[in-house]
Amino acid sequence: MTDPIIQARQVEKYYAQSREARIQVIAPTDLAIYPGEIVALLGPSGSGKSTLLRMLSGLSQPSAGSVLWHGKELASVEINVSIVFQSFALFPWLTVQENVEAPLRARGMAAQQRYRRSLKILDTVGLDGFEAAYPKELSGGMRQRVGFARALVVEPEVLFMDEPFSALDVLTADNLRSELLELWQKKTIPTKAIFLVTHNIDEAVLLADRIIVLGRNPGHVRTDFKVSLAQPRDRKAHAFTALVDYIYKVLTRPDVTPAAVPVLADGRRVRDQRQMRYEMLPHARPGGIAGLLELIIDLGGRTDIYRLADELAFEIDDLFPIVEAAQLLGFLKVEEGDAAITPEGRAYAESEILKQKQLFRKAALDHVLLLRQIARALANKSDHSVPEDFFLDMLDEQFSEDECARQLETAINWGRYAELFDWDDARRRFTLHVHEGEEPAEPIAEREKEQEQEKAG
Amino acid sequence: MRPRLTLSRAFVMERTWPFFVDLSVAAALLAGFYAILWIGKFWFSSAIPEVEIYRSPAHLPLYAFYSVVRIFVAYALSLVFAVAYGYTAAYNKRVESLLIATLDILQSIPVLSFLPGVMLAMMSLFPSRQLGIEFGAILLIFTGEVWNMAFSFYTSLKSIPRELMEATSINRFSRWQRLFQLELPFGAIGLVWNSIVSVANGWFFLMVCEMFPVGSRNFRLPGLGSYLQTAAAHGDFAAVTWGLITMVLIIVITDQLLWRPLIAWSDKFKFETVESGDRVTSPVLDALRNSSVIGIINRYTFKPMAERFYLDLAARRKRRRPKPVDDKPRRGAAAIYLTAAVAVLAVVGVAAFHALLLLKGMHRSDLLHLLAGAALTLVRVNAALLIGSLWTIPVGVAIGFNPKLSQILQPIAQIAASFPATALFPLILVALARIGIGLGIGSVVLMLLAAQWYILFNVIAGAQAIPSELREVATLFRFQDVQRWTTVILPGIFPFLITGLITASGGAWNASIVAEYFQLKGSTLATTGLGAQISAASSDGNYPVLLAATMIMALIVVTINRLVWRPLYHLAETRYRLE
C-alpha cells in the first residue's frame, strides 16, 4: 500500500472543564487519507465530523495525539490543502476574480501569473464571464462554484469539503457533484485526494471510494470500508441501495457494533452516554414526533427507516432526532433499521390534543431525568420558580456550553408542550404551570365567596 | 451606433464631463498639497499660546480651515487608534474584558477632564513651537471622537463568521492580508456610521477645545470654535451669525463630499447574500469612480505598492516558516508577559495611589457640593431625555411610517444632527434670558439639543423595521389609537428606542460640561451642576476637585449603564426582538 498523505494517530479533542471532568468531543482516533481516493465522512450531528476535518486540515490543534503530513508533524511543515465550506465563505466585497486570487496573493504570486491561474480555474469550473461579478449577484450554485475555484486554484494536494452541497437545492447539488466527479476522474485537477464531510448518505455512496462512519458521545469511528462500485454509479442499482441501507442500519443502531467503547492510554475510560446521568435529548419538536408516529401507523406500525426518510424526502440529520426522541420517550422501538411503534406510541398518536399532552407528560416524566428534575424543583420551591442557571450548572458537567444551551432549549420545548412548567424567557426562569381548573380553582372560589359576602353585607 | 448624433449637445457634454471631473480632482490634489505646506508652516512657527481672534468675517475662511484640519487630524488618529484598540481587544483573551471595561469608563469621562493633563504634557513636549498647543487641542478633540469607533470595530471583529476566518487561515493569509481583505471590510459599515457621529462630536466640543484657560494660563487657537466663542463673549451677534453660516456650509460640504460618497461606497461591504433594493447614491462617488486621474494614480502607485507589500509578506513568511515546534520559548515568553503585566500593574497602582492622595486636599464641604451638583445634573439629563422622547417618538414614527416623508426629511435631519449645538448656545441663551429663563433650566434645553437626535434617528429606524403586516393587522382589527401604540408601535420600536436613549444619555452627560457653564458677553454664566463644576475646576486648575468630579460622573454614568440600561437592553433583545 502507498504511504498516506495525511495520517492521524490517536487524535482526540476535548474541552477541559476541571481536572477530572472534561468533555470529550472526539475519542482517540486513527485515520489516514491515501492518494487517489475520495473519502467520505458520515455521522449524525454531534459526532464531531467537522471537528475531525478541522484537525486533519491543520485548522485546529488536536488536544492529544498527532497528525502527520507525509510522515512529518503537521505543524512543522508547509502543507498544501484547501477547504470548500458549507456557507461558501466568500468575501462579499471582492469580485469573483479577486476572491479566487486572494489565496495566490497570500502565497506571494506575481500579478500576471495570478491573473492567468485564476482565469484558467474559473474557466474550468464554468464561471467564465463572471470574473467581475460580486458574489451577491450570483445564485447559490454559482457561488459555490466560486468556492470550488478558490479552493482549487492553489492546486491542493488534498481537497477538504465540509458539507459543500448542503446549502444548495437538490438539482443544483446534483449537477455540481457530477461536475466535480468529472474533474476528478479526468484528472483535470492535480488534487491527489478528496476528503468529504457530509450527512447525506446518498451523496457519500455516489462519490466516495471509502466511507467512514462516525458514532457520537464522544465521536469515534464506527466503521471504515471501501466502496467498490464502479463509476458512474446508478442510484437505482441494487448494490447501491443495499449499501445505502447498510449505512442506515449502522447509523440507526448506535449500540449494535461490537467495538467496545474506546479506552484512553492511561486506562481511563472515555465517558460514554450510558454512564452519564443525563440522557442526551435529541433536538426534536413534540409536533414532529406525533407526525412521525402517525405516519408509521399509516405504514402498518412498522417500517424501514431508510424508506421512511425517502418517503419524507428528509435528510438523515432531520429525521434522526425525531426517531431518537420517539425512542427515548418509549413511543418507538428501533431494531435492525426498522422502526416499530409501541402500544404507548399508538395511544399517543391516536389521542386528541389534551389527552396527547397528558400522555406526553407521563412519558417525559418517566424517561427524561432533566424534565423530572425541573418538575420536582418547581414543586418543592416555595415560590415555584427556578432560574435556568440552576440546571445549566448541572448540565455543564456533561455537555459543552453550546450543547447545554441546546439541551435546555429542547427540555423547555418539551416541558411547555407537556404543560409541566412555564418558561419566562425574559427572566430566564422556569415557573410552575397552573393547570386550568386545578390550582386556580380555589382562589377563584374564594373570590366568589368574598364577593357573595360583600353582597350579603 | 448613432453617427449623426456625434455632434449633438448631449454627446458633447457626455464626453467633456469626465474631463471636468479630472480637472477638479487634479485641482483638489494641488490644493491639498498647498494646504499641507500652509499647516506645516503654521505648526512649526514659534508658539503663541494666546492668539488674538479677529471678529471680521474676512478671517473666517482661514479659521475654518484650521478647525477642519484639527477635526480631521483628530479623526484620522481616532481611526487608527480605534482599529488598533478594537483589534487588540478582540484577539487577546487575557486583556479583552479589561480593555472593554476601560473603554466603558473612558467613554463616560467628559473631554474637559482630560484637558489640563493633555495640554500641559503637550506644551512640555514641544515648548517652543505652535505644534505643542495645536497637538493638545487635537488630542482633546480625539478624546471626544475615538471611543465609539473603537467599540464599533471591536463588535464587528467579534461577529465575523467562523468559516470566513477559517478561509483566511487555510489559505495562509498573513495578518495584514486578513486585515485588509476581511476585518476592515467587515467593520467598514460600522466604522463609517460611527465616523459621522464622531466628527459631529468633534464639532460639538470644538469651542471648548480651541479656547480655554488652564489655571493661570490662557490658551487660544485660531479657529472657528474660538471665533464663535470670542464673538459670543463680546456679544457680537453679527459675527456669531457669520460663524454659524460658515459652520452650516462646512457641514453641508462634508456631508456631500465625504459622508455620502463614503456611505454609498461602503454599501459593497454589506454582509448580505442578496442585493437589497434601496441604497444611498452619491453623484460625487460616481464622478470619482469615472475619473481617469484617480484611475491612473491607482494603477501606477497604489496597485504596485500593494503588490510589493504582499510579495514581501509572503517572502518573509517563507523565510520564517520552517522552525521546529518547541515549548521552551513559549514558557520564556509567558514569563516576560507576566513581568510586564506586574510592572504595568505596579505603575498603575502607584499612579492611582498618588491620584487618591490628591483627593486628600479636598474639604468635606467640597464633596457635598459635588454630590449636590451631581444630583442636579442627573435630574437635568433625565429631564432632557424625557422631553426628547416626548417629541421624537411621535415625529420619528410618523417619518418612519411614511417613506416619502423619510426620503425628504432624513437627509435634512442628518445634517441638522451633525450641526454642533454648542454653536447655537449663545443665541439660545440670549433668547431664553429674554423670556426670563436662567441657565438652571436653560441648560436642559442645551442638553436636549445635543441628545435628541440620537433618539430621533433610532426611532425612525425602529418604525421602519416594523413589518408592514403588523401594521395591517392593527388596521384590520380596527385597533384604536391607544391599542395601536401599546401593542404595535411602542413594542416594535422598543429595542431601537433603548439604543437611542443609551447613546443620548451619554451625550447629555458629556454635554453638561458645556451646557452648565458658558461665557457670554464678557461674563461667565454658570449654574450648580456637576458639569459646571468640572468646567470650573478645569479652568481654575483645581485638580483635586476636577478629579473627584470626574470620578463621580464616570461612576454615575457607568452605574446607570449597568443597572438601568443594560437590563433594559437585554429585555429589548429577548422579548421585543422582531424576527
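Treat the numbers as computed from the prediction; the structure is a model and nothing was measured. Chain letters run A, B, ... following the sequence lines, proteins first, then strands; residues in each count from 1.
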What part of A/Glu98 gets closer than 4.5 Å to chain B, counting heavy atoms only: side chain, backbone, both or neither?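 Neither part.
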Which region of A/Leu94, side chain (C-beta onward) or backbone (N, CA, C, O), has a non-hydrogen atom less than 4.5 Å from a non-hydrogen atom of chain B, or is it both or neither?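 The side chain, not the backbone.
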**From B/Glu163 atom CD to A/Ile83 atom CD1, the distance as rounded to the nearest 0.5 Å** =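 CD1 of A/Ile83 is found 8.5 Å from CD of B/Glu163.
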Practice problem: Working to the nearest 0.5 Å, report the span between CZ of A/Arg105 and CG of B/Asn171. | Solution: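 Taking CZ in A/Arg105 and CG in B/Asn171, the distance rounds to 13.5 Å.
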Can you tell me if [atom1] on [X] sees more than 12 non-hydrogen neighbours from other groups inside 6.0 Å?
{"X": "A/Arg285", "atom1": "CZ", "answer": "no"}
{"X": "A/Tyr134", "atom1": "OH", "answer": "yes"}
{"X": "A/Lys120", "atom1": "NZ", "answer": "no"}
{"X": "B/Tyr569", "atom1": "OH", "answer": "no"}
{"X": "A/Phe130", "atom1": "CZ", "answer": "no"}

* To do: Could you tell me which residues satisfy side chain to side chain contact (heavy atoms under 4.5 Å, CB included) with A/Val154, sequence neighbours excluded, listed by chain and number?
  =>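 If we apply the side chain to side chain contact (heavy atoms under 4.5 Å, CB included) test to A/Val154, skipping adjacent residues, the hits are A/Asn80, A/Ser82, A/Pro103, A/Leu104, A/Arg107, A/Pro156.
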Exercise for review: Could you walk me through whether A/Trp93 and B/Leu184 pass the side chain to side chain contact (heavy atoms under 4.5 Å, CB included) test, one step at a time?
Suggested key: CA-CA 11 Å; A/Trp93 38 83; B/Leu184 281 180; over 6 Å; no
| task | For A/Arg428, enumerate each residue passing the salt bridge (charged side-chain N to carboxylate O under 4.0 Å, His left out) test, keeping only those at least two apart in sequence or located in another chain. | result |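 With sequence neighbours excluded, A/Arg428 shows a salt bridge (charged side-chain N to carboxylate O under 4.0 Å, His left out) to A/Glu388, A/Asp425, given in chain and number order.
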* Asked: B/Arg562: what forms a salt bridge (charged side-chain N to carboxylate O under 4.0 Å, His left out) with it, not counting sequence neighbours?
  ->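 Applying salt bridge (charged side-chain N to carboxylate O under 4.0 Å, His left out) to B/Arg562 gives B/Asp104.
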For chain B, find which of A/Gly108, A/Gly140, A/Gly147 contributes the most heavy-atom pairs closer than 4.5 angstrom.
->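 Most pairs with chain B among the choices: A/Gly108.
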For chain B, which residues of residues 48-65 of chain A have heavy atoms nearer than 4.5 angstrom: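 So far as heavy atoms go, A/Arg54, A/Ser57, A/Leu59 are the residues that approach chain B to under 4.5 Å.
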Would you sort out whether B/Leu164 and A/Phe88 count as a side chain to side chain contact (heavy atoms under 4.5 Å, CB included), showing the intermediate values? CA-CA 9 Å; B/Leu164 273 181; A/Phe88 320 141; over 6 Å; no
Which of B/Pro185, B/Pro567, B/Ala188, B/Ala167 touches chain A most, by non-hydrogen pairs under 4.5 Å:
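Most heavy-atom pairs under 4.5 Å with chain A: B/Pro185.
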* For B/Arg162, is it the side chain, the backbone, both or neither that has a heavy atom under 4.5 Å from a heavy atom of chain A? ->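 Side chain of B/Arg162 only, per the 4.5 Å heavy-atom cut-off to chain A.
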Practice item. Counting only heavy atoms closer than 4.5 Å, note whether B/Gln177 contacts chain A via side chain, backbone, both or neither. Key: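 Just the side chain, heavy atoms under 4.5 Å.
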Nearest non-hydrogen partners of A/Phe91 and B/Thr168, listed with the distance:
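Looking at all heavy atoms of both residues, the shortest contact is CZ-CG2, 3.8 Å.
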Of all heavy-atom pairs between A/Phe85 and B/Glu166, which one has the smallest distance, and what is that distance?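 Scanning both residues completely, I find the closest heavy atoms to be CE2-OE1, 3.4 Å.
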